[in-house]
Amino acid sequence: MTAGSRPPASLPADRLEQQFVDAKPALTDSEALIEANRCLFCHDAPCITACPTGIDIPAFIKKIATGNIRGSAKTIFSVNMTGATTARVCPVEELCVGACVYIHLNAKPIQIGKLQRYATSKALEREARGGPPLFTPLPDTGKKVALIGAGPASLACAAHLALAGVTPVIYEKSEHPGGLNTTGIAPYKLKAEDSLREVEWILSHGVTLKTGVELGRDIEFAQLLDECDALFLGLGLGGDTRLDIPGSDGPGVWGATELIRAIKNSGGFTIPDDVSSALVVGAGNTAIDIARELAMLGLPDVDLVYRRTEEEMSGYAHELEGARSYGVRLIEQVQPLEVIRNGDRVEALKVLDLINNEEVELPCDWVVEAIGQRKFSFSLPDGVNRDDKGRIEVDEATRRTGHPDVYAGGDCINGGKEVVHAAADGREAAFAMLRGWDLPRGNS
Amino acid sequence: MADLSVNMAGIESPNPFWLASGPPSNSGEQVMRAFDAGWGGAVWKTLGEPIVNVSSRLGAIDYGGVAMAGLNNIELITDRPLEVNLKEIYEVKKKYPGHAVIASLMVETKEDWRDIIKRCEDSGADGLELNFGCPHGMCERGMGSAVGQEPKVLTEITSWAKEFATIPVLIKLTPNVGDILDPGLAAVAGGADGLALINTIKSIIGVNLDDLTLRPTVGAESTNGGYCGPAVKPIALHMVGALARDERVNIPISGIGGISDWRDAAEFIALGSTTVQVCTAVMHYGFRVVEDMLDGLSNYLDEQGMPSVNDLIGKAVPGFKEWGELDLNYNVVAKINADTCIGCQLCYVACLDGAHQCIHTHQGPCVAFHGESDHGMNPRIEVLAPVNHDPNGNALFVPSVDEVECIGCNLCALVCPVPGCVTMVPVDNGKGRESWNDRMAKGEA
Ligand SMILES: Cc1cc2nc3c(=O)[nH]c(=O)nc-3n(C[C@H](O)[C@H](O)[C@H](O)COP(=O)(O)OP(=O)(O)OC[C@H]3O[C@@H](n4cnc5c(N)ncnc54)[C@H](O)[C@@H]3O)c2cc1C
Ligand SMILES: Cc1cc2nc3c(=O)[nH]c(=O)nc-3n(C[C@H](O)[C@H](O)[C@H](O)COP(=O)(O)O)c2cc1C
Ligand code: SF4
């Protein structure tokens, strides 16, 4: 076993995330059939173009309509091996669903994400119950690839490599695989156990996972480059960026992803009874997510505080809409100055009202900082460069870095997009490696 | 992954899916794209003496928001020169030697048949399909369905073709006959190597109510055309089954008519088809529909534990019986699942007005219509289901079936919009099997 490596831990039983119900519930058989039959089966469909992994959406929906669930799931997974989770976490309103031609008819667009969830979860259930596997990997080619980080980018890359008969070994620093799919996605979209179920399925194709191994601490680039034919970096981003204002260092002030992770993964974590209001600093999707999560957990008073205006926020309008339906408000054009506390208790957030140019104290019990994630800090091998925003630079078509054997994908190259972009990067990197070795793709 | 390859009357095909003779198989360029998409074979658009087509040519019926549930056409055979078609057949066969290319033919005299068959064989076609089916235009000139409706003529032309041809000869039948066995047996008598059916059904697709012209209009007029597409599938299935179960029909069948997906294809194969042909579904969605046909059929065969599509051919034929052979003592009754019922009452009104008045709501059958329970149709208290409530507290009247009265017709299960909500459950009435024929034999009828 590699230094530091430990087997993946199982999830604790009493996680706060278990209290959440799906915001978009699964379709029943009859709902799926009715919805699938509504699809017009467009040629050269705009939804396909809008999908970063280019899933043949009309084809997989048609297969649901003909009862060919296995074929439907294969159509999805053959281009997106994290298709079971992206079905649930993708901002479909901004991607495939937003491109559906029904919108031009002023009719309800096809619920593509829900149909994708239907086909993939049905097929994976059948396979788990002993049905014929969707994919059979090609025979061993003798090639070996090391992947850093077990998030969607590495998982997608490893899966496509494994199907082609390449041996992938994933090194993950935390105790659970899945990256932000396991630790960060809002639990009303996806719970950690669903993320782990997909990871398990991917691993079943011959992917080795070593958890508790951190690159830069337990293992070094030079060693990996020595042992393997190629290296894939799916590092994601670092921890929360912090405000660093007076009073922010202490109990009651959280980093957003730190708090989300506690809700999703920590056993026995609860919100104390004397906490009834929270201010979330920021207006990106992470800020909106945690605000909605706290409101759904029963906090009566949750507000977003944001330096600029609603029009300028980076979070999606449909996400803010969703949070507002749980009572979350957006306070615009205020700049946090100081966390006012009484010992260990937070009493208020002092902000500068940028319109009236005056200082105001907004009472609250918790402050959650959702202003971004840091970039990782260790040094990269020669040839692997970062741009001025800290993103690893890659060739657009192959996801290859300046080092001929090192590829990268996901949040660490795009600065933080979506799971589906990470999946597309992982696949393209795998395909580029296979092309380089003159090996066929395996996806039957 | 099941083996999909088949041999139809000596014609090898990588899979049972063929383009039917029609617009999708009009040119070599189309057929090659179809083969690239996955089609195993193609029956070329019918070749013959040069003709002139009209414009417009197609009409359709939309049903339940779905376009082209049924399609009607007044197109004739190919309007491209014979030499061009033959050259393209030659090119396709050269490029796709493993795929099946069948030349569809329709000419008049014995000499014409001799000549065109020779030229098709020279072009490399794997087989011939004699088009005795077209029910419009060509039949007015004594060809197409005019031949298919005259068993004697059909036998004679078939035997000419068998005399001239060295490659397999399939006979394409018209459904516009009283009994499909007549032309089917006539083809067998002429020595045919296989049958293909159905061609289109004589039809008028509709009348424009604005100007009272028929569709599809040619100026202010129109003519009867041929009907095909999903709507004709049950008619085609019956005709295929009727031939497949007759032991005198000892040649393979290519099933055609309304095949839109792998399920339709599997049904045709189970009823005795070795290959299936598709026209309308391709005209609607393109060659790409074959991808799910191949994938879905293969997955289905895997799930059925059938290693080859040949294992499915004819598997449903033994169950196709005469009415007189059916068991008169077999009984089913409807059961309504109260947990999935959405309270639409469609089964109730269907049984009340369109069947046997044995589904009841809590109010009694007639209250809904004139406020009184009368006509002696009050439901017996013991058959009433309890009233359920939806999450908002509204009463949800789950209808209940009076199983003593239910005659097991299936209507309620057919009209129910919720899959699996109404099921038909066999009841054991303690009586053994007895058919009408059995009763006749005992002199009891
Ligand atoms: C709060 C939040 C909510 C989100 N919600 C959505 C959403 O609803 N829908 C959506 O599509 N996207 C969402 N995203 C974005 C999405 O989660 C990411 O784009 C995606 O997970 C990126 O995948 P990745 O594989 O690049 O990185 P990650 O998922 O971050 O995975 C990186 C992995 O690498 C490991 N790692 C890092 N450094 C090392 C090292 N040195 N050694 C070993 N292992 C290491 C990490 O522990 C981690 O497991 C959200 C993000 C956040 C923060
Ligand atoms: C526009 C059109 C043209 C056709 N032309 C021919 C033809 O030239 N020769 C022939 O044998 N059948 C012809 N057919 C009939 C088809 O081959 C087929 O038998 C029929 O359409 C039923 O199949 P489907 O329901 O899949 O369309 C034609 C059908 C259509 C719609
Ligand atoms: S489909 Fe339309 S464009 Fe094409 S030939 Fe027919 S009428 Fe003309």
Side-chain angles (χ1 to χ4, degrees), chain A residues 21 25 27-45 48 55-79 101-102 105 107-108 110 118-119 122-123 126-127 129-136 442-444, chain B residues 1-2 4 17 33 37-38 62-69 230 233 259-267 278 280-307 337 339-342 344 391 413 416-422:
Chain A
V21 292
L27 295 176
T28 63
D29 289 339
S30 38
E31 286 169 336
L33 202 60
I34 291 168
E35 192 64 5
N37 277 308
R38 283 182 67 228
C39 173
L40 295 174
F41 197 44
C42 302
H43 174 70
D44 200 6
I48 304 180
I55 295 174
D56 189 342
I57 293 162
F60 95 69
I61 293 180
K62 170 106 180 161
K63 290 179 188 201
I64 294 176
T66 69
N68 180 10
I69 300 299
R70 197 166 161 239
S72 179
K74 271 186 88 156
T75 301
I76 297 162
F77 286 126
S78 59
V79 294
V101 297
Y102 266 124
L105 281 173
K108 205 166 148 272
I110 301 292
Y118 178 81
K122 277 237 141 144
R126 280 189 204 174
E127 186 168 330
R129 272 189 275 118
L134 291 172
F135 298 102
T136 312
N443 60 1
S444 50
Chain B
M1 177 91 189
L4 294 185
F17 297 102
R33 277 194 290 119
D62 301 348
Y63 196 78
V66 176
M68 255 164 71
K233 183 187 129 191
I259 296 169
S260 306
D261 57 36
W262 66 268
R263 288 182 171 275
D264 297 333
E267 291 176 43
V278 179
T280 303
V282 170
M283 291 178 69
H284 196 162
Y285 295 113
F287 297 129
R288 64 196 167 126
V289 292
V290 78
E291 199 257 335
D292 180 49
M293 291 181 174
L294 293 166
D295 186 38
L297 181 62
S298 164
N299 285 336
Y300 169 76
L301 293 170
D302 287 352
E303 275 157 27
Q304 297 293 312
M306 297 184 184
N337 182 346
D339 295 333
T340 56
C341 173
I342 55 173
C344 69
C416 179
V418 182
C421 178
V422 182

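To find a chain, count down the sequence lines: A is the first, B the second, and so on, and within it residues start at 1. Given the structure is predicted, the values throughout are model-derived calculations rather than measurements.
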So, do A/R70 and B/D295 sit near enough that their side-chain heavy atoms are less than 4.5 Å apart?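 They are not in side-chain contact.
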List the residues meeting ring-ring contact (aromatic ring centres under 6.0 Å, His included) with B/F17, not counting sequence neighbours, and say none if there are none.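 If we apply the ring-ring contact (aromatic ring centres under 6.0 Å, His included) test to B/F17, skipping adjacent residues, there are no hits.
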Counterpart residues, ring-ring contact (aromatic ring centres under 6.0 Å, His included), relative to A/Y102 (two or more places apart):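 A/Y102 satisfies ring-ring contact (aromatic ring centres under 6.0 Å, His included) with no residue once adjacent residues are dropped.
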Contacts of residues 29-41 of chain A with chain B (heavy atom under 4.5 Å):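 Within residues 29-41 of chain A, the residues under 4.5 Å from chain B are A/S30, A/L40, A/F41.
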Is chain A contacted by the side chain of B/D264, its backbone, both, or neither, given a heavy-atom distance below 4.5 Å?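 For B/D264, neither part sits under 4.5 Å from chain A.
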To the nearest 0.5 Å, tell me how far A/K62 NZ sits from B/D261 CG.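 A/K62 atom NZ to B/D261 atom CG measures 6.0 Å (nearest 0.5 Å).
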Do any N or O atoms from the side chain of B/R263 and from the backbone of A/T66 form a donor-acceptor pair under 3.5 angstrom?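 Yes; at least one donor-acceptor contact below 3.5 Å.
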Residue pairs involving residues 280-293 of chain B (criterion salt bridge (charged side-chain N to carboxylate O under 4.0 Å, His left out); sequence neighbours excluded):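 Pairs touching residues 280-293 of chain B that pass the test: A/K63-B/E291.
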